[in-house]
Protein chains: 4
Amino acid sequence: MTESGELAPDRPIPSENHLADEYGVARLTARRTAQELRERGLIVTVRGKGSFVVEHPPTGAPADDEDKPTG
Amino acid sequence: MTESGELAPDRPIPSENHLADEYGVARLTARRTAQELRERGLIVTVRGKGSFVVEHPPTGAPADDEDKPTG
Amino acid sequence: MTESGELAPDRPIPSENHLADEYGVARLTARRTAQELRERGLIVTVRGKGSFVVEHPPTGAPADDEDKPTG
Amino acid sequence: MTESGELAPDRPIPSENHLADEYGVARLTARRTAQELRERGLIVTVRGKGSFVVEHPPTGAPADDEDKPTG
DNA sequence: GTGGTCTAGACCACT
DNA sequence: GTGGTCTAGACCACT
């Protein structure tokens, strides 16, 4: 999983500035990408620290969409 | 008034380092909190000594917002 | 008035990142400088836009230090 | 020169807090030690960064004691 | 051993 | 692509 520059668990992903710089995109674009990964549960973000790959990502239940069943 | 962890007049509040440690935040964040208490007149800060609770804090007139009524 | 690098009214001053880079200081330090100019009424700051020189700055009456003479 | 835990050129020396912790002395004591090394030209200190060992320390001319001869 | 201020660098809110 | 705020951690001023 880490052979071709992919991300490893418990390692910080490159910062928003770095990603923006690296891929020649706007910081907002980098931010949106991180936001999407976060919503999918693939990374967790800590203010002032960075974003980190989660070890066991969920298989399809984003935090914001979950619906507690009444029964 | 001091039974449940509340602050007592003329007693130093926990230091910035202690508060940062206690609440798991950076020292700068703890400093900002102290700064707010200072602006509200609730504590006074002495360099090299600590911050102290004032005995008779203002009842609702922060330095920048005060409005002297005419009547 | 703008010949030797001085600031012009209604023009943004260099960004915090630029100033930090220019003078070799941390961004927080550049921010503190801007904060002082703001408190003196020399610039106004708009989030996401920048800081701008005011046209008619106060002539010497900072909010906290002003002393109305009786005579 | 680096065999028994001694300091290496261009490497930061342990911080004041670390030294104080390591040797069980007060921070003030650690600070005074660093100050003496600084006065002897053995280390240079950068605010917010740390103190660094100089490569070619002077052989006996501390910065504060030097006397410019008039002749 | 406290509060004061700095470096470095991260994400956040907004335009 | 700006200003806002945070983490982490260094030395400084003072008592």
K.L.:
When you match D:G50 and C:S51 each to their closest nucleotide on DNA chain F, which lands nearer the 5' end?
P.N.:
C:S51
K.L.:
Mind running a 4.0 Å heavy-atom check of residues 23-35 of chain B against DNA chain F and sending the residues that fall below it, in number order?
P.N.:
B:V25, B:A26, B:R27, B:L28, B:T29, B:R32
K.L.:
Which residue lies toward the 5' end of DNA chain E, D:G48 or C:G48, if each is placed at its nearest nucleotide?
P.N.:
D:G48
K.L.:
In whole Å, I'd like the distance from the NE2 atom of D:H18 to the C1' atom of F:dG9.
P.N.:
13 Å
K.L.:
How many angstroms lie between atom CZ of C:R38 and atom OG1 of C:T33, to the nearest 0.5 angstrom?
P.N.:
10.5 Å
K.L.:
Between B:E16 and B:R27, does a salt bridge (charged side-chain N to carboxylate O under 4.0 Å, His left out) hold up when you go through it step by step?
P.N.:
CA-CA 6 Å; B:E16 294 175 351; B:R27 207 189 125 200; 3.0 Å; yes
K.L.:
With a 4.0 Å limit, can you tell me whether C:K49 has a side-chain N or O closer than that to the phosphate oxygens OP1/OP2 of E:dC14?
P.N.:
no
K.L.:
Report the residue (A:V46 or B:R47) whose heavy-atom-nearest nucleotide on DNA chain E is the more 5′ of the two.
P.N.:
B:R47
K.L.:
If I take atom CG in residue B:D21 and atom P in nucleotide E:dG3, what distance separates them, rounded to the nearest angstrom?
P.N.:
13 Å
K.L.:
Find the distance D:L19:CG to E:dG1:P and express it as a whole number of Å.
P.N.:
18 Å
K.L.:
Do you know the tightest heavy-atom contact between C:A20 and C:A30?
P.N.:
N-CB, 4.1 Å
K.L.:
Taking the basic N atoms (NZ, or NE/NH1/NH2) and the acidic carboxylate oxygens, is any pair closer than 4.0 Å for B:R32 and B:E36?
P.N.:
no
K.L.:
Is there a chain of hydrophobic side chains (I, L, V, M, F, W, Y, each step under 4.5 Å between heavy atoms) that links D:V46 to D:V54?
P.N.:
yes
K.L.:
Would you mind reading off the distance between A:N17 atom CG and E:dA10 atom P, rounded to a whole angstrom?
P.N.:
7 Å
K.L.:
Can you find a side chain N or O atom of B:T45 that sits less than 4.0 Å from OP1 or OP2 on E:dG3?
P.N.:
no
K.L.:
Closest approach of B:I43 and B:A34, non-hydrogen atoms and distance?
P.N.:
CD1-O, 3.5 Å
K.L.:
For E:dG9, does OP1 or OP2 lie under 4.0 Å from any side-chain N or O of A:S15?
P.N.:
no
K.L.:
Quick one: pull up CG in D:L37 and OG1 in D:T45 and give me the separation to the nearest 0.5 Å.
P.N.:
9.0 Å
K.L.:
Drop me the distance from B:S51's OG to B:R31's CZ, to the nearest 0.5 angstrom.
P.N.:
9.0 Å
K.L.:
With heavy-atom distances below 4.5 Å as the criterion, would you say the side chains of D:V25 and D:L19 are in contact?
P.N.:
no
K.L.:
Where does DNA chain E pair, written as one dot-bracket string 5' to 3', with Watson-Crick or G-U pairs under 3.5 Å, ( ) inside the strand, [ ] for crossing pairs and | for another strand?
P.N.:
||||||||||||||.
K.L.:
Give the rounded distance in Å between these two atoms: CD of A:E16 and P of F:dG4.
P.N.:
18 Å
